[in-house]
Each structure stands twice: as structure tokens, then as C-alpha cells.
Amino acid sequence: MFLLFNMLSSKEKDRLKPKKKEKKDPSALKEREVPQHPSCLFFQYNTQLGPPYHILVDTNFINFSIKAKLDLVQSMMDCLYAKCIPCITDCVMAEIEKLGQKYRVALRIAKDPRFERLPCTHKGTYADDCLVQRVTQHKCYIVATVDRDLKRRIRKIPGVPIMYISNHRYNIERMPDDYGAPRF
């Protein structure tokens, strides 16, 4: 009994001790790692982006397009005034398949032969990480999503436009005017 009491009291003593923080020198230079961006993004003008546009489609973009009764390929062409090739990664396909029978229409749309399938080489099936990684490596894509968190992550990457749905039509943000971005 006495031994058990000693063990408990030593653990409590450890918890009560304040942890000492390392004092940082205010005059020392602060180091920060900033990612190096390619020269093709001078003033965030992406020269790799041009018609025919390759558009990476997210799961929720397909679902919201169905709810808004929009044909994906035709609405993309109406938005960009150019030929569009919707691209779907293996992770997005796996995500749609996991949603089950309720989203069978979305799965049928995703398996459309007009959609280009992009194979994934990484482990796991988290589609947001996959899309961000692919867009960071190759700047030739437009990302189509309605997910706020994914939009926030992609906005940090320069030169990558985002397509979204508003007022029952597709809109695009951060697209250079030279590439036919719609003006409102």
C-alpha cells in the first residue's frame, strides 16, 4: 500500500513541476523555409496553363454539379470558352466508390470516357492531399472543387486557378485575363 502511494505521489510531483522553456535570443536571425517557385510563375502568371484546359475534379464538385443539374464538360467549356479535359485521379475515384450506392450517379459520371484518368503512385486514398501534391508538381491544371479547406490549401500555391460553383454555373478564380477568364 505504501509503495503504491509513493508511486502516485511521484507522478503527481512530475505533473506539478513547471516545464522550463528555452529562452530565445531576440537578436538572433529567424530562419524560415520558403518554397522556391518556378520562374514560369513570374507575377503569378502561369505560362503552362492554356487550352485545352486540364481540370482536376474533386468528389464534392461532381456531387454539387449533379445537385445543380449541370453537365460537367459542357459547363466547363461555357465557363472557359475553350476545350476542357476533366481529369480524375485514382484517389477521387476511390473516394466516390467508398460513398456507396447513394452516389452511383456521381460514379457513373466519373467513369465517363471524356474524363481522363490519372493514376496515383502514393499510398492512401485521401483525395485532397493527392490533388494538392499533383498541382504542386505540375502547374498545368485547374482545380475544380467546392471544398473550403481544399480551396484554402490551393490558394497558397501560386499560379493555380480554382473552379467552383455559384448561382447554378461554374466560375473560376485567379485566372489570367489573357486566357479567357469570364468577366463579370
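Worth saying up front: this structure is predicted, and the values here are computed from it rather than measured.
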Problem - Single-linkage hydrophobic cluster Tyr103~Phe61, side-chain heavy atoms < 4.5 angstrom - result: no
Handout entry: From CD1 (Ile62) to CG (Leu107), nearest 0.5 Å
Key = 9.0 Å
Handout entry: Within one Ile-Leu-Val-Met-Phe-Trp-Tyr cluster: Val105 and Met93, side-chain cutoff 4.5 Å
Key = yes
Handout entry: Step-by-step side-chain contact (heavy atoms from CB on, under 4.5 Å) determination, Arg169 to Cys79
Key = CA-CA 8 Å; Arg169 57 180 289 190; Cys79 177; 6.0 Å; no
Fill in the blank from the handout: Closest non-hydrogen atoms of Thr89 and Cys120, given as atom of the first, atom of the second and distance, are CB-SG, 3.8 Å
Practice task
State plainly whether one hydrophobic cluster holds both Tyr81 and Ile85, where clusters connect Ile, Leu, Val, Met, Phe, Trp and Tyr through side-chain heavy atoms under 4.5 angstrom apart.
Solution key: no
Practice task
Determine whether Leu80 and Met77 fall in the same hydrophobic cluster, where Ile, Leu, Val, Met, Phe, Trp and Tyr are linked whenever their side-chain heavy atoms lie under 4.5 Å apart.
Solution key: yes
Problem - Derivation of the side-chain contact (heavy atoms from CB on, under 4.5 Å) call for Tyr141 and Leu118 - result: CA-CA 12 Å; Tyr141 294 111; Leu118 302 173; 3.8 Å; yes
Handout entry: Side chain proximity check, Pro86 to Met76, heavy atoms < 4.5 angstrom
Key = yes
Fill in the blank from the handout: The reported gap from CD1 in Ile66 to CD1 in Ile109 (rounded to nearest 0.5 angstrom) is 4.0 Å
Practice task
Measure the shortest side-chain to side-chain distance between Val57 and Met163 over non-hydrogen atoms and say whether it is less than 4.5 angstrom.
Solution key: no
Handout entry: Euclidean distance, Ile154 CD1 relative to Ile162 CD1, rounded to 0.5 Å
Key = 5.5 Å
Fill in the blank from the handout: Taken in chain and number order and not counting sequence neighbours, the residues that satisfy side-chain contact (heavy atoms from CB on, under 4.5 Å) with Asp78 are Gln74
Practice task
Supply the atom-to-atom distance Leu70 CG to Ile165 CD1, rounded to the nearest 0.5 angstrom.
Solution key: 6.0 Å
Practice task
Evaluate the side-chain proximity of Cys87 to Glu116: yes if any heavy-atom separation is below 4.5 Å, no if none is.
Solution key: yes
Handout entry: Polar contact flag, side-chain donor to acceptor under 3.5 angstrom, Tyr170-Ser65
Key = yes
Exercise for the section: From the options Leu150, Val160, Val143, select the one residue that forms a side-chain contact (heavy atoms from CB on, under 4.5 Å) with Val132. Expected result: Leu150
Handout entry: Gap separating the OG1 atom of Thr59 from the CD atom of Glu95, nearest 0.5 angstrom
Key = 3.5 Å
Exercise for the section: Would you give the length of the straight line joining atom CD1 of Ile172 to atom CD1 of Ile142, rounded to the nearest 0.5 angstrom? Expected result: 4.0 Å
Exercise for the section: State whether Tyr164 and Lys151 meet the cation-pi test: NZ (Lys) or CZ (Arg) under 6.0 Å from the six-membered ring centroid, and within 45° of the perpendicular axis. Expected result: yes
Problem - Test item: Arg104 side-chain N/O and Gln101 main-chain N/O as donor-acceptor pair under 3.5 Å - result: yes
Practice task
Taking Asp112 for its side chain and Arg114 for its backbone only, find out whether a donor-acceptor pair lies under 3.5 Å.
Solution key: yes
Problem - Heavy-atom pair with the smallest gap, counting every atom of Ala127 and Cys91 - result: CA-CB, 3.9 Å
Exercise for the section: Kindly give the heavy-atom pair with the smallest separation between Ile96 and Ala110, and that separation in Å. Expected result: CD1-CB, 3.9 Å
Handout entry: Asp128/Arg153 ion pair, N-O < 4.0 Å
Key = no
Exercise for the section: Begin with the C-alpha distance, continue with both residues' side-chain angles, and end with the deciding distance and a verdict on side-chain contact (heavy atoms from CB on, under 4.5 Å) for Glu173 and Arg155. Expected result: CA-CA 10 Å; Glu173 68 179 46; Arg155 282 186 191 120; 2.8 Å; yes
